[in-house]
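Here is how names work: the chains are called A, B, and so on, in the same order as the sequence lines, proteins then strands, and each is numbered from 1.
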Amino acid sequence: MEAISILFWPTIAVLLSVAIYTFLWKDNMVYKIAEHIFMGVSVGYSIAYSYHKILIPKLWVPVKRFLSQGNYILAIYFIFGGLIGLLYISRFTDKTSWLSRYPIAITVGFYAGFRIVPVWMTMVSKQLNATIKDPTGSPLLNGKLFEAFFNNPTWGNFIHAINGPLIVVGVLLVLIYFFFSFSNDNFVVKISRKPALVILMLGFGGAFGYTFMARISLFIGRMNFIFSEWPELIKSTLGG
Amino acid sequence: MAENKEQKQKDKWYVQIMSIKKPYVYLGMFLVVIIPFLANLKIKTYETDLVKEVYQKVEKIHEYNLNHPDKKKGVLIGFDYGPSTTPECDPIAYSVFRHLFLRDIPIVVWAPYGPYLELADSRLNRIAKEYKANYGKDYVFMGLAYPATAYMVSTSSDLRPVFNTDYYGNDVYDLKILDRFNNYDNFGLVITISGTAMPEYWLRYANSLYNQEVSVGTTAVNAAKFYPYANSGQFTGMIAGLKGAAEYEQKVTRLEKELIGKDIKPYLRNLYTEKNRSKFNKEYFNPKFNEGEIRTAMLRRHQAGRGMSSQFGAHIYVIILIIIGNIGYFFKRKAEKDRTKRRRGV
């Protein structure tokens, strides 16, 4: 009986995985059933988890504790937050849906202000700095690295030397390409279009390669579960 | 007559290789992935600078802890991935946890979304068990940190008030590890293992606002997005996808052999004796290994390496398919051009 309870759910997981893969042959009923089970379980799980893992421990328990400790201000603060959060549910009817704008306005307003400085620092100023200097503080357009390469012409030195200039030139070319995407006869804009496209294609190619690796990794993960973890579980449960 | 011509056209080899039915292509993919996997083939992979950077940073923390036993630094782990990215992120998490436990570095873990919690709990305790780590002293799982930004900002002063309790309901002020490891000053590094955009949040709030060093372990899909941050030095190294996981795994396996010995099986078998078992709270893990668990622990030690042999097969397969497709396309276009020329009587 214990063996059944251990093996039951992993076996269901294996069957559902295979059911999903049957789509590769063609769309079919087995796939549809697995897909619908997944959707239903996801929604049910999210609702239960929101109640048990957020509402109870993050709102109900602290409010109860604050009240028992006589810390009424904090308790009211939490209750007020909870009530504002509840206004999201008002969207279910047209009559009251306007109320949901309050929590949305508070959230959007808070995050818009809260994020400005860190986003600027992370995505603009530090990135701008990184197109001028490398993390060690040396300039990206560094003639000394080329000198080092010519003195000792190894593959590593070559990569080291061209890395910085490639970033600087690449950023400039792509910026020119996007800023002057309208019809423009300027000489610099005209000659930079093709190299900018090459740089973009290299970027997209790299991203595609990584995406392919990620998809195959997911497949390997499932195969690992079906052909390695599941048989191992059977073996150890049934006395391996 | 026209039908005959069309049939003849379809019979041409270059048309046929371009119209291989999809199920056969998938079957081929299944075989090239599964054969190396079942054959337990492992390939050695070269180690990139970005992965080395993460590893060396952890080693530096270890050295610092040896020299400053009273002012130890810990590592804060953002367990930022869920079930959909476990094949890539699990091997990263296993290797990182193994490295940290091997070096006896205190670990604080949290997860930003509900579905990640059970994964984090099982992975953390599973690896802690392999190194006899004590919950509350060597490591702690804080549970849900939602919304993560609030927790990241609070950690600049003290993370305890925003959590109230850990994942298991223990009061945060009763957990010894949190007496010291509760803010960025005492964390030598934050490692975010993520299949989402969460590493950018860590950069924005922990790194940009509080100068906390952040390393990232991420899926291959996200790697392209995070490269500029790694290149600029904002991320202290990056473990990208299964390849990165295999590199880190390789390094940690070498370290483990150096510290524990070549054969891990007897080490695991003898880890918990009757005498020391009572020291461990069974709520977190059962302090004993059966043979099945040992086999699984051994398999897990080269999970990414095994995956890389399948990756290799799959990549070669796709390259071959792309070449075949292009050859077919080239000859088809050539034949069409020839036909057009003949029709025009050139």
Exercise for the section: Establish, yes or no, whether the cationic atom of B/Lys243 lies under 6.0 Å from the six-membered ring centre of B/Tyr46 and within 45° of the ring axis. Expected result: yes

Measure [X] against the heavy atoms of chain B and call it side chain, backbone, both or neither at under 4.5 Å.
X	value
A/Asp134	neither
A/Phe208	neither
A/Arg115	both
A/Asn129	neither

Any side-chain donor near an acceptor of the partner, [X] and [Y], under 3.5 Å:
X	Y	value
A/Lys58	B/Asn164	no
B/Asn211	B/Tyr184	no
A/Asn71	A/Arg65	no
B/Ser215	B/Lys57	no

Less than 4.5 Å to any heavy atom of chain A: does that hold for the side chain of [X], its backbone, both, or neither?
X	result
B/Tyr317	neither
B/Asn290	neither
B/Leu203	both
B/Pro147	side chain
B/Tyr227	side chain
B/Ser84	backbone
B/Leu117	side chain
B/Ile34	side chain
B/Asn222	neither
B/Gln234	side chain

Out of [options], return the one with the most heavy atom pairs under 4.5 angstrom to chain A.
options	value
B/Gly195, B/Gly143, B/Ala223, B/Gly241	B/Ala223
B/Thr149, B/Thr86, B/Thr219	B/Thr149
B/Arg300, B/Met308, B/Arg306	B/Arg306

Practice task
For the pair B/Asn170 and B/Asp166, evaluate side-chain hydrogen bond (donor to acceptor under 3.5 Å, both in side chains) and give the outcome as yes or no after the intermediate values.
Solution key: CA-CA 5 Å; B/Asn170 301 309; B/Asp166 70 353; 2.8 Å; yes

Problem - Check against ring pair (Phe, Tyr, Trp, His ring centres under 6.0 Å), A/Phe80 and A/Tyr77 - result: CA-CA 5 Å; A/Phe80 185 66; A/Tyr77 173 73; 8.3 Å; no

Practice task
Can you sort out the partners of A/Phe225 under ring pair (Phe, Tyr, Trp, His ring centres under 6.0 Å), two or more places apart, ordered by chain and number?
Solution key: none

Practice task
Find the distance between CD (B/Gln212) and OG1 (B/Thr236) and round it off to the nearest 0.5 Å.
Solution key: 8.5 Å

Exercise for the section: Kindly compute the distance separating CH2 (A/Trp120) from OG (A/Ser125), expressed to the nearest 0.5 Å. Expected result: 7.0 Å

Handout entry: A/Phe110 CZ: over 12 foreign heavy atoms closer than 6.0 Å
Key = yes

Practice task
Check for a donor-acceptor pair, side chain of A/Thr122 on one end and backbone N or O of A/Val119 on the other, with a separation under 3.5 Å.
Solution key: no

Fill in the blank from the handout: For residues 8-32 of chain A against chain B, heavy atoms under 4.5 Å, the residues are A/Leu24, A/Trp25

Practice task
Determine, step by step, whether B/Lys288 and B/Glu293 satisfy the salt bridge (charged side-chain N to carboxylate O under 4.0 Å, His left out) criterion, reporting the C-alpha distance in whole Å, the side-chain angles of both residues, the deciding distance to 0.1 Å, and the verdict.
Solution key: CA-CA 9 Å; B/Lys288 106 184 168 191; B/Glu293 280 176 314; over 6 Å; no

